[in-house]
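As structure tokens, the structure follows; a few thoughts come after it.
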Amino acid sequence: MNTKTKVFGMLCIGISMFAFAQQETDSLTVEQLEEVVITDSKFKLKREHSGKVITKITQNELKNLQGKSVVEIINATAGIEINGSRSQAGQNLNYFIRGGRNRQVLVLIDGIAVTDASQIANDYDLRLLHADQIESIEILKGASSTLYGTGAATAVISITLKKESKDAIAFNLRSTIGTNQSQNDKDYAIENFVNSVSVNGTLDKFSYLANFGHQFTDGLSAIAVGDESDAFNTHNGYLKLGYAFSDGFKLNTYGSFDKFKTEFDDGFGFADADNLSTTKQYRIGISPEMTYNNGSITLNAAYNNTEREIESSFPTRFMARSFIGDLFNRYNFNDKFYTVLGVNAQDNEIETYSIPFGDTNFVQDINSQDGTFTIIDPYVNAVYISDFGLNINAGLRLNNHSEYGSHVVYSLNPSFKKELNFGYIKGLASYSTAYITPSLYQLFEPSFGNAELQPEENRTIEVGAEVQIKDKATLSVVYFNRFEEQFVDFVDQGNFVFQYANVEDDFTASGIELVADVSISKGLKLRANGTYTNVDEDLNLRIPEIKVNATLSYQCSSSTFMSLSYQFNDDREDAFFNNTTFENEVVTLKSFSLLDFYVSHKVANDRLTLFANINNIFNEDYQELFGYSTKGRNVNLGFSLNL
């Protein structure tokens, strides 16, 4: 029996043993018993009425993950592998969810889709967001384009930022320092600095929130054989102002900026280089909401401006602007029938400039290209909750795109909950479709773009069950099967001419996700998940067939908390360009296991929290990306002060 089979089998057996043991154990209340989720319907529904297995990371859980980045936190979720999260801080991130890629994942911040029109995959870079600013995270896997439009094919990551205090003024300061070294380094130099500050409050009908975050990380080279470290530096700020005009009408406005720059090396020859990537992003938005009997009308509108510059042997600058507006009406018929009727509009624009090598004056008229497209999508979604346990969630969306015309997506998600003496059991199924709009880069890039591209289409089937054993445990298992067609790829057209095109081949990804949340005894909890993913050979680069996460946490007292986290990643295949043979070569990256420790302690009437974590305790030597460096054993220390 090979290693991956043993690990996955041990997880299944362990989950089963804990499930049966809980029937005889008197323990703490599991927080998810009355958990409310919103992502799969845009309504606040009890978890037991949802036809999906949604991962929700609450504020209490985030408080016990201080010192970790947003990417590290999300990467411990079932079905998710964020490649690059264990490497040099400036490493590009690849979101592998259910065998998909970046363009199939949609990120929402306070209900508003955030994308980067300057990126090939049109994806949002989660490195721009500080974990200190977040109130909660919901992760909905599966095709969700009926509610959220383009990109919501494998997952929707919905991030809710912290709310303003009800007091006139509140203050929070968080600071973390630590090491940032590879497996070969043993000096434990302080190279990682993360700081954030927040001021917020409520004055009668007026509310405000302002926060600022900064990270500087050095000490680790981008490539494994590098002799020079590559620094990562980021700043971001967020300001939200709200006013409640009446009990039935409130208005929030906000503005934010995100800036980061990272040094990187030559990935073709795996050699040190003085390359630099700089991104500047500015967003402004408005979110009025009017409530009436049994319903509400909400507008989420935002304007986003992104400037991204690459200084390397192939220098490039991108300037992208996007507007998104989502207007929807929610109506609740006697807590049994919930409806959402809305329309989503987007306008995206990009300017691409190639900079002559060594030209510091930036000549804009060389290899420049503009492109734009608009999207207008009306949609409807309905949820029915019966008295006898049947719940149905269904939706329909008509995508209208200025380049390729119209496209219809739909979803059907029934579930059935049966109350039992020890809790409940819920069976669920879903059939949903999704689409991924070709990015502005793929459509209009002067050398490789193709204005004739059609949207990629996805279909996802899910079947699963969730069991809740009163206040002791929540267990779930889901089988998924995802089908892709009209896949957009970078294709050799012959004579060394490459262009983006829809390929004729279809692709399939399938797998099983197991999740367990168990209270073993008073203060002692186990949270574990395992994922088996089977992907067609053409799409399986860097995707582990088996991945396991487990966290054993103990609330020692009202002031002290500690946890031990384990992660196993199976063998993966990667590819690199061989400068000698001028061909791509496929290599196998060996499996690895990581063990982390975290402890926190509250003092000064719980106003000051001190925390520490040790990552990769055993300093395991492994490869996340072929040829690139990975983090070894590292230590972080920090504090959070609330006034």
Side-chain angles (χ1 to χ4, degrees), residues 39-40 42 74 79-80 82 93-126 128-129 137-159 281 283 300 302 304 306 320 322-326 342 344-350 373-377 379 381 395 397-404 407-411 432-443 453-460 482-489 500 502 507 509 539:
T39 315
D40 65 333
K42 290 194 175 181
I74 294 175
I80 294 180
I82 303 183
L93 300 177
N94 293 293
Y95 309 145
F96 299 138
I97 301 180
R98 291 186 169 181
R101 295 295 190 270
N102 291 36
R103 64 180 179 274
Q104 296 160 322
V105 179
L106 183 66
V107 177
L108 306 176
I109 296 181
D110 283 342
I112 302 174
V114 287
T115 59
D116 182 354
S118 72
Q119 296 274 27
I120 296 177
N122 202 38
D123 55 315
Y124 178 76
D125 193 334
L126 287 169
L128 295 172
L129 192 62
I137 303 172
E138 282 189 22
I139 302 172
L140 169 66
K141 293 188 290 292
S144 303
S145 283
T146 53
L147 265 181
Y148 298 106
T150 178
T154 61
V156 173
I157 300 174
S158 181
I159 297 171
Q281 181 173 263
R283 289 197 306 137
N300 287 328
N304 189 81
T306 304
S322 62
F323 167 82
I324 183 169
D326 190 20
N344 182 280
Q346 295 186 42
D347 184 79
N348 296 272
E349 182 180 353
I350 188 173
F373 67 70
T374 59
I375 297 174
I376 300 177
D377 291 5
Y379 62 93
N381 198 82
R397 190 184 195 100
L398 176 62
N399 168 233
N400 299 284
H401 193 282
S402 59
E403 292 299 313
Y404 59 71
H407 189 73
V408 176
V409 289
Y410 55 92
S411 64
S432 50
T433 61
Y435 67 97
I436 300 95
T437 298
S439 68
L440 286 165
Y441 186 96
Q442 293 168 334
L443 288 167
L453 289 174
Q454 295 295 306
E456 177 185 322
E457 298 182 13
N458 275 221
R459 179 270 296 148
T460 298
R482 190 172 59 81
F483 176 78
E484 298 182 13
E485 57 184 340
Q486 296 190 170
F487 184 86
V488 177
D489 203 359
Y500 287 99
N502 295 103
F507 302 99
L539 296 180

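All values derive from a computational prediction rather than experimental measurement.
Side-chain atoms of T306 and N304 include a donor-acceptor pair closer than 3.5 Å.
Applying the salt bridge (charged side-chain N to carboxylate O under 4.0 Å, His left out) rule to D40 yields no partners; only residues at least two apart in sequence or on another chain are considered.
A donor-acceptor contact shorter than 3.5 Å links the side chain of Q486 to the backbone of P455. In this structure a side-chain-to-backbone donor-acceptor pair under 3.5 Å is present from T154 to Q104. S158 contributes no side-chain N or O that, together with a main-chain N or O of L108, makes up a donor-acceptor pair within less than 3.5 Å. A donor-acceptor contact shorter than 3.5 Å is absent between the side chain of N458 and the backbone of A153. For the pair S145 (side chain) and Y435 (backbone), a donor-acceptor distance under 3.5 Å is present. In this structure a side-chain-to-backbone donor-acceptor pair under 3.5 Å is present from Y148 to T39.
Contact check for N344 versus Q346: side-chain heavy atoms found under the 4.5 Å cut-off. Counting heavy atoms from C-beta on, the side chains of D125 and Q281 never come closer than 4.5 Å. Contact check for H407 versus E457: side-chain heavy atoms found under the 4.5 Å cut-off. F487 is listed as a side-chain neighbour of L539, based on a closest heavy-atom distance under 4.5 Å. Looking at heavy atoms from C-beta onward, L126 lies in side-chain contact with I74 at the 4.5 angstrom threshold. For the pair T115/T150, no side-chain contact is recorded, criterion being any heavy-atom separation below 4.5 Å from C-beta on.
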- prompt: Please walk me through it: do N399 and Y404 pass side-chain contact (heavy atoms from CB on, under 4.5 Å)?
  reply: CA-CA 10 Å; N399 168 233; Y404 59 71; 2.7 Å; yes
message: side-chain contact (heavy atoms from CB on, under 4.5 Å) for D326 and I112? Distances and angles first, verdict last.
response: CA-CA 8 Å; D326 190 20; I112 302 174; over 6 Å; no
message: Before you tell me yes or no, could you show the steps for R482 and E484 under salt bridge (charged side-chain N to carboxylate O under 4.0 Å, His left out), namely the whole-Å CA-CA distance, both residues' side-chain angles and the distance that decides it to 0.1 Å?
response: CA-CA 7 Å; R482 190 172 59 81; E484 298 182 13; 2.4 Å; yes
- request: Start with the C-alpha gap between N94 and R101, add the side-chain angles, then the distance that decides, and say whether side-chain contact (heavy atoms from CB on, under 4.5 Å) holds.
  value: CA-CA 7 Å; N94 293 293; R101 295 295 190 270; over 6 Å; no
task: Assess whether side-chain contact (heavy atoms from CB on, under 4.5 Å) is satisfied between D116 and Y124, documenting all intermediate values.
output: CA-CA 6 Å; D116 182 354; Y124 178 76; 5.9 Å; no
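Minimum heavy-atom separation, G142 to T460: CA-CG2, 4.3 Å. S144 and V156 get closest at one heavy-atom pair: CB-CG2, 3.9 Å. Taking each heavy atom of S432 and S411 in turn, the nearest pair found is CB-CB, 3.7 Å. Heavy-atom minimum distance, L443 versus L453: CD2-CB, 4.0 Å. Closest approach of A320 and S118 over heavy atoms only: CB-N, 3.5 Å. Closest approach of L93 to N102, counting heavy atoms only: O-ND2, 2.9 Å.
Within the model, atoms CZ of R459 and CD of E485 stand 9.0 Å from one another, a figure rounded to the nearest 0.5 Å. Separating the CG atom in N300 from the CG atom in D110 is a distance of 8.5 Å, to the nearest 0.5 Å. Here the straight-line distance linking atom CD1 of I375 with atom OG1 of T437 works out to 4.0 Å at 0.5 Å rounding. Rounded to the nearest 0.5 angstrom, L440 CG and I120 CD1 are separated by 12.0 Å. For the atom pair I97 CD1 and I82 CD1, the distance stands at 6.5 Å (nearest 0.5 Å). If you take CD on Q119 and CD1 on I350, they are separated by 9.5 Å, rounding to the nearest 0.5 Å.
Taking the centre and axis of the six-membered ring of F507, the NZ or CZ atom of R98 falls outside the cone set by 45° and 6.0 Å.
By the 30° and 60° cut-offs, the orientation of the rings of F373 relative to H401 is tilted.
Considering T433, N381, D377, T146 in turn, D377 is the only one that fulfils the side-chain hydrogen bond (donor to acceptor under 3.5 Å, both in side chains) rule with R397.
Within 6.0 Å of CD1 on I376 lie no more than 12 heavy atoms contributed by other residues, nucleotides or ligands.
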